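Predicted model only: the values in this text are computed from it and were never measured. By convention in this document, chain letters (A, B, ...) are assigned in the order of the sequence lines, proteins followed by strands, and residues within each chain are numbered from 1.
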2 protein chains.
Amino acid sequence: MKPSTSIQDYLKRIYELTESGSPASTNDLARELNIKPASVTGMIQKLASEKPALIEYQKHQGVTLTSAGKKAALEVIRHHRLLETWLVQTLGYSWDEVHEEAEKLEHVISEDFERRIAAALGHPLRDPHGELIPTADLKMPLDDTTPLSALRKNQSGKILSIKGADADLLRYLDELGLTPNTMIEVIDYSPFDHNLTIKVEKKTHVLGLSVTSKIFIEES
Amino acid sequence: MKPSTSIQDYLKRIYELTESGSPASTNDLARELNIKPASVTGMIQKLASEKPALIEYQKHQGVTLTSAGKKAALEVIRHHRLLETWLVQTLGYSWDEVHEEAEKLEHVISEDFERRIAAALGHPLRDPHGELIPTADLKMPLDDTTPLSALRKNQSGKILSIKGADADLLRYLDELGLTPNTMIEVIDYSPFDHNLTIKVEKKTHVLGLSVTSKIFIEES
DNA sequence: TATAAAATTTAGTCTTGCCTAAATTATTGT
DNA sequence: ACAATAATTTAGGCAAGACTAAATTTTATA
């Protein structure tokens, strides 16, 4: 069964709040949804105990999405971002006017409608705000323009390209095994200096922002 | 406050069922809405007893719309028909595919969205099914192509034109005062022979289908 | 480390809008 | 006119999803 509008909103917010790797707290979720924390607890308990669970939840520990939940969330986000793109292109909305409209439409359009606007727009990669649009098979793309520095704890991917590095840096990265096509995994993130601890072929390294912003990756 | 999606559906169906002049029965409404008759009774009782009542209701007598209710219904119908027109024209839907999609979208689009698609379409008079689209000020247009024979009890309007009448008929209508710009009022309708009893300048006349189908009017 | 503050959960309530079963009112055929 | 039938309404319930107030757990501070 398709999740209700309310549940779709929960999933969408949980997705956004957990993009950084850490679980979403009841309080944060309540704030994002304009709902009282007590109500959020009730809903996440229900969502966690359903047949195919959409979320992972332990009392007092916050929530994360299961892979089923993530798919459902990406479906809504895809609808939202395609709608924004479409409204801007075909009805002359400005980028700051579309959000509210898409927020309502995203819950009611059919899959057929989704396919039609995606095709009409030429399967765009980003919406008018520059945000990436999840693909038709419900994966969030991490394209060339997404630097390693945007990844957080527990995310992993494959190096696509390295841009703007001088010969010295390239040699250094090569020594560490950081070349295109290599798989990497983010072990930790320091919010203070934006240093990332990453694992590459069994070894871990700590890299600063000046380096991670030059390495472009694709999520695995 | 904007009526809920459920209430909008009730109003839309009541509008359709009462177009012929007679009130809508609980049973018919239940059938149209795919809802049990007992549930309909509950809802119409609520709607009839609200601050600005949207419907007129007497036990066992069926319901009609108040003018506020009619406005709300026409708003939904306008949304629906504009959406159908727009989906067909911009996304290549065929006329038989759009209904379901419009049925969901009609409840969530903003007034701004309505204005934008109306303008983009050049303020169309009819939707892809040929149905008239209510105007922006929420009146159902009765254009040149709508004959007097389509009107029912309690409807009134102004004669726009007379088409296909021979000299004898024109002279006869002129005697009765039935000329363009004259206000008329339907007093009664006979479903057996389609005779209409109408009032024109304090006098009433009974007209047959062969006459009423040649007089074109605009609702007042 | 004890305690105050903040976050979270529990318990109980409310509204919307639907349902079933039973009672009542209207309508219809003879 | 009067029973049989159809339509309608009443009464009681349920699920979703929100809320408040109070209890509990966690975190932070002195």
Side-chain angles (χ1 to χ4, degrees), chain A residues 1-14 17-18 20 22-64 69 72-73 76 103-104 106-108 191, chain B residues 1-14 17-18 20 22-64 69 72-73 76 103-104 106-108 191:
Chain A
M1 249 302 283
K2 185 185 174 188
S4 69
T5 293
S6 296
I7 292 176
Q8 287 180 31
D9 278 334
Y10 274 88
L11 297 174
K12 189 172 57 163
R13 299 308 178 193
I14 294 170
L17 290 169
T18 56
S20 54
S22 42
S25 76
T26 303
N27 243 9
D28 289 349
L29 213 33
R31 178 173 32 73
E32 293 298 316
L33 291 165
N34 292 312
I35 275 176
K36 294 289 176 289
S39 305
V40 170
T41 299
M43 178 62 98
I44 64 187
Q45 283 175 342
K46 197 187 72 175
L47 290 181
S49 66
E50 270 177 356
K51 16 218 169 165
L54 296 173
I55 67 174
E56 196 76 48
Y57 164 63
Q58 297 282 91
K59 267 191 194 179
H60 297 277
Q61 309 283 171
V63 290
T64 54
V76 182
E103 202 72 17
K104 292 179 298 179
E106 66 187 10
H107 304 297
V108 303
Chain B
M1 250 303 283
K2 185 185 176 187
S4 70
T5 293
S6 295
I7 292 176
Q8 287 179 32
D9 279 333
Y10 273 87
L11 296 175
K12 188 172 57 164
R13 299 306 176 193
I14 294 170
L17 289 170
T18 55
S20 54
S22 42
S25 77
T26 303
N27 243 10
D28 290 348
L29 212 35
R31 178 173 33 71
E32 293 298 318
L33 291 165
N34 293 311
I35 275 176
K36 296 287 176 289
S39 306
V40 171
T41 299
M43 179 61 98
I44 64 188
Q45 284 175 341
K46 197 186 74 175
L47 290 181
S49 66
E50 271 177 354
K51 13 214 171 167
L54 296 173
I55 68 173
E56 197 75 49
Y57 164 64
Q58 296 283 91
K59 268 192 192 181
H60 297 275
Q61 309 284 274
V63 291
T64 53
V76 181
E103 201 72 15
K104 293 178 299 179
E106 66 188 12
H107 304 296
V108 304

Results of side chain to side chain contact (heavy atoms under 4.5 Å, CB included) for A/K46 - residues two or more places apart only: A/I7, A/M43, A/E50
Residue pair A/P37 / A/N27: nearest heavy atoms and the distance that separates them: CG-OD1, 3.4 Å
Side chain of A/K59 - closest among C/dT10, C/dG17, D/dT10: C/dT10
Protein-nucleic acid N or O pairs under 3.5 Å, nucleotides 19-22 of chain C:
| from | atom 1 | to | atom 2 | distance (Å) |
| --- | --- | --- | --- | --- |
| C/dC19 | OP2 | B/K36 | N | 2.9 |
| C/dC19 | OP2 | B/S39 | OG | 2.8 |

Whole-Å distance separating the CG atom of B/D9 from the P atom of C/dT16: 17 Å
Short side-chain N/O contact to D/dG17 OP1/OP2 from A/S4, under 4.0 Å: yes
With B/D28 via side chain to side chain donor-acceptor pair (under 3.5 Å) - residues at least two apart: B/S25, B/R31
B/M43, nearest nucleotide to its side chain (from D/dT9, D/dA18, C/dG17): C/dG17
Shortest non-hydrogen contact between A/A53 and A/A48, atoms and distance: CB-O, 3.7 Å
For B/E32, side chain to side chain donor-acceptor pair (under 3.5 Å) partners two or more places apart: none
Nucleotide D/dT8, atom P - distance to CD of B/Q61 in whole Å: 10 Å
C/dA6 OP1/OP2 closer than 4.0 Å to side-chain N/O of A/N27: no
Touch class at under 4.0 angstrom, heavy-atom based, for A/T26 against every strand present: sugar-phosphate
Under-4.0 Å side-chain N/O to phosphate OP1/OP2 contact, B/S25 with D/dA7: no
A/Q8/A/K2 under side-chain contact (heavy atoms from CB on, under 4.5 Å): CA gap, chis, key distance, verdict: CA-CA 9 Å; A/Q8 287 180 31; A/K2 185 185 174 188; 3.2 Å; yes
Length of the line joining B/D28:CG and D/dA6:P, which is rounded to integer Å: 15 Å
Which atom of A/V40 lies closest to which atom of A/Y10, heavy atoms considered: CA-OH, 3.8 Å
Separation of atom NE2 in A/H60 from atom P in D/dT25, rounded to whole Å: 7 Å
Phosphate contact (C/dT10 OP1 or OP2) by A/T41 side-chain N/O below 4.0 Å: no
Heavy-atom closest contact (B/A72 atom, B/L11 atom, distance): CB-CD1, 3.6 Å
Can you list, pair by pair, the side-chain donor-acceptor contacts under 3.5 Å of residues 54-64 of chain B, counting residues two or more places apart and other chains?
none

Atom pair distance, as rounded to whole Å: CD1 in A/I7 and C1' in D/dG17: 10 Å
Nearest-Å distance for atom pair CZ/P, residues B/R31 and D/dT8: 11 Å
Under 4.0 angstrom between A/Y10 side-chain N/O and D/dA18 OP1 or OP2: yes
Close residues, residues 44-58 of chain B, relative to DNA chain C [heavy-atom separation under 4.0 Å]: B/K46
